[in-house]
Amino acid sequence: RKDGLDWYDPRQSIELALSWYASRFTAISHKKVVGEDSTLYLQSSVAAQRIAELLPSVKIIFMLRHPVKRTYSHYWHHVTRGRLTYSFEDALARYPSIVLGSTYAPSLRHYIDVLGADRIRIGLFEDFLEDQQAFMDGLSDFLGLTRRPVDTSASWFNRTYYPRNVFLQKQLNRLSSRIVKYQYHNHFRQRSGKLADMRSTFHYRWFKYIHPVFLTAEKPPPMHNETKHYLEQHLSARNVGLSELLGRDLSQVWQGFQG
């Protein structure tokens, strides 16, 4: 509010929220195993406890990748989705969540403490890339499912393309950032009426027809060496004990990592 802070108590609508969430799985509720994915649960300080209370028999799979590469990928995700106009270095200072998402160790310990180690499986993205069949066999065993052959030709979808001209992309994002401001309002239908429908349609067409014109490169520009070395040290420090937690020397998997 203009005259001060406005407090929203989510407990007042918890039943409605849970009903909406459960409705997402109605069509597949008869399946032996039902799941969903999110890139945000590991970062949350409250998700583990809520999951344990609502889904006492749940199993959780975490896939980790090189923390520096994940941080850089997170940044480019925001750029390609029209949200950021800053350089990578400026974004690191302005948006702590980009680094927080690569701070694995303390969050994993919290999940293990709350849910128990037997209900959590932690995999590495690099292992998946090296041997997809072995990786998926391990997940199948963890979930109690029959192993199935993996079609590696169909395992890469939703591929990311990057701006051919970064300067032009950032200028475009000065407009895009206003359009994506209400993206999740559109998804969850929190706004209704003709104006909301027009905004949703405009958002869809903008990112379907305009953004792809600029996103044609298969790889992002290389990270500055000084930034890379800084992040290797910083994220190793934020993930102290991760190798011990996983029972594996991650410095042998993640170049430059010491944690």
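If you read the sequence from its start, that first residue is 1, and numbering goes on from there.
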Under 3.5 Å donor-acceptor, [X] side chain and [Y] backbone:
{"X": "Ser140", "Y": "Met136", "answer": "yes"}
{"X": "Ser23", "Y": "Trp20", "answer": "yes"}
{"X": "Asn173", "Y": "Val79", "answer": "yes"}
{"X": "Asn239", "Y": "Leu242", "answer": "no"}
{"X": "His211", "Y": "Arg81", "answer": "no"}
{"X": "Arg119", "Y": "Pro56", "answer": "yes"}

Identify, with sequence neighbours excluded, every residue that meets ring-ring contact (aromatic ring centres under 6.0 Å, His included) alongside [X].
{"X": "Tyr21", "result": "Phe25"}
{"X": "Phe62", "result": "Tyr111"}
{"X": "Phe202", "result": "Trp206"}
{"X": "Phe125", "result": "none"}

Could I get the full list of side-chain hydrogen bond (donor to acceptor under 3.5 Å, both in side chains) partners for [X], not counting sequence neighbours?
{"X": "Tyr161", "answer": "none"}
{"X": "Tyr95", "answer": "none"}
{"X": "Glu244", "answer": "none"}

To the nearest 0.5 angstrom, please state how far the [atom1] atom of [X] sits from the [atom2] atom of [Y].
{"X": "Leu18", "Y": "Leu54", "atom1": "CG", "atom2": "CG", "answer": "5.5 Å"}
{"X": "Arg94", "Y": "Ser87", "atom1": "CZ", "atom2": "OG", "answer": "9.0 Å"}
{"X": "Gln171", "Y": "Phe214", "atom1": "CD", "atom2": "CZ", "answer": "10.5 Å"}
{"X": "Asp118", "Y": "Phe142", "atom1": "CG", "atom2": "CZ", "answer": "8.0 Å"}
{"X": "Leu246", "Y": "Ile122", "atom1": "CG", "atom2": "CD1", "answer": "4.5 Å"}
{"X": "Leu143", "Y": "Lys59", "atom1": "CG", "atom2": "NZ", "answer": "6.5 Å"}

Check for me, please, whether [X] and [Y] land in the same ILVMFWY cluster - side-chain distances under 4.5 Å, paths through other members count.
{"X": "Val34", "Y": "Ile120", "answer": "yes"}
{"X": "Leu215", "Y": "Ile210", "answer": "no"}
{"X": "Leu168", "Y": "Val213", "answer": "yes"}

Practice prompt. Grab the two heavy atoms, one from Thr80 and one from Pro163, that are nearest each other, plus how far apart they are.
Written response: CG2-CD, 4.1 Å

Worksheet item: Is there a side-chain contact between Leu124 and Leu250 (heavy atoms, below 4.5 Å)?
Response: yes

Scan for salt bridge (charged side-chain N to carboxylate O under 4.0 Å, His left out) pairs involving [range], sequence neighbours excluded, and state none if there are none.
{"range": "residues 249-259", "value": "none"}
{"range": "residues 124-134", "value": "Asp127-Arg248"}
{"range": "residues 133-143", "value": "Asp137-Arg147, Asp141-Arg147"}

Could you pull out all donor-acceptor pairs under 3.5 Å where a side-chain atom in residues 216-234 meets a protein atom, sequence neighbours excluded?
unit_1: Thr216; atom_1: OG1; unit_2: Arg164; atom_2: NE; d: 3.2
unit_1: Glu218; atom_1: OE1; unit_2: Arg159; atom_2: NH2; d: 3.2
unit_1: Thr227; atom_1: OG1; unit_2: Glu89; atom_2: OE2; d: 2.6

Worksheet item: When you look at CZ of Arg148, are more than 12 heavy atoms from neighbouring residues, nucleotides or ligands closer to it than 6.0 Å?
Response: no

In residues 97-108, what donor-acceptor pairs under 3.5 Å come from side-chain atoms, sequence neighbours left out?
unit_1: Ser102; atom_1: OG; unit_2: Pro67; atom_2: O; d: 3.0
unit_1: Ser102; atom_1: OG; unit_2: Arg70; atom_2: NE; d: 2.6
unit_1: Ser102; atom_1: OG; unit_2: Arg70; atom_2: NH2; d: 3.3
unit_1: Ser102; atom_1: OG; unit_2: Thr71; atom_2: OG1; d: 2.7
unit_1: Thr103; atom_1: OG1; unit_2: Val99; atom_2: O; d: 3.2
unit_1: Thr103; atom_1: OG1; unit_2: Arg238; atom_2: NE; d: 2.7
unit_1: Thr103; atom_1: OG1; unit_2: Arg238; atom_2: NH2; d: 3.3
unit_1: Tyr104; atom_1: OH; unit_2: Arg65; atom_2: O; d: 2.8
unit_1: Ser107; atom_1: OG; unit_2: Leu42; atom_2: O; d: 3.1

Item to complete: Over 60° means perpendicular and under 30° means parallel, so classify the ring planes of Trp254 and Phe257, tilted if in between.
Response: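 Because their plane-to-plane angle is over 60°, the rings of Phe257 and Trp254 count as perpendicular.
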
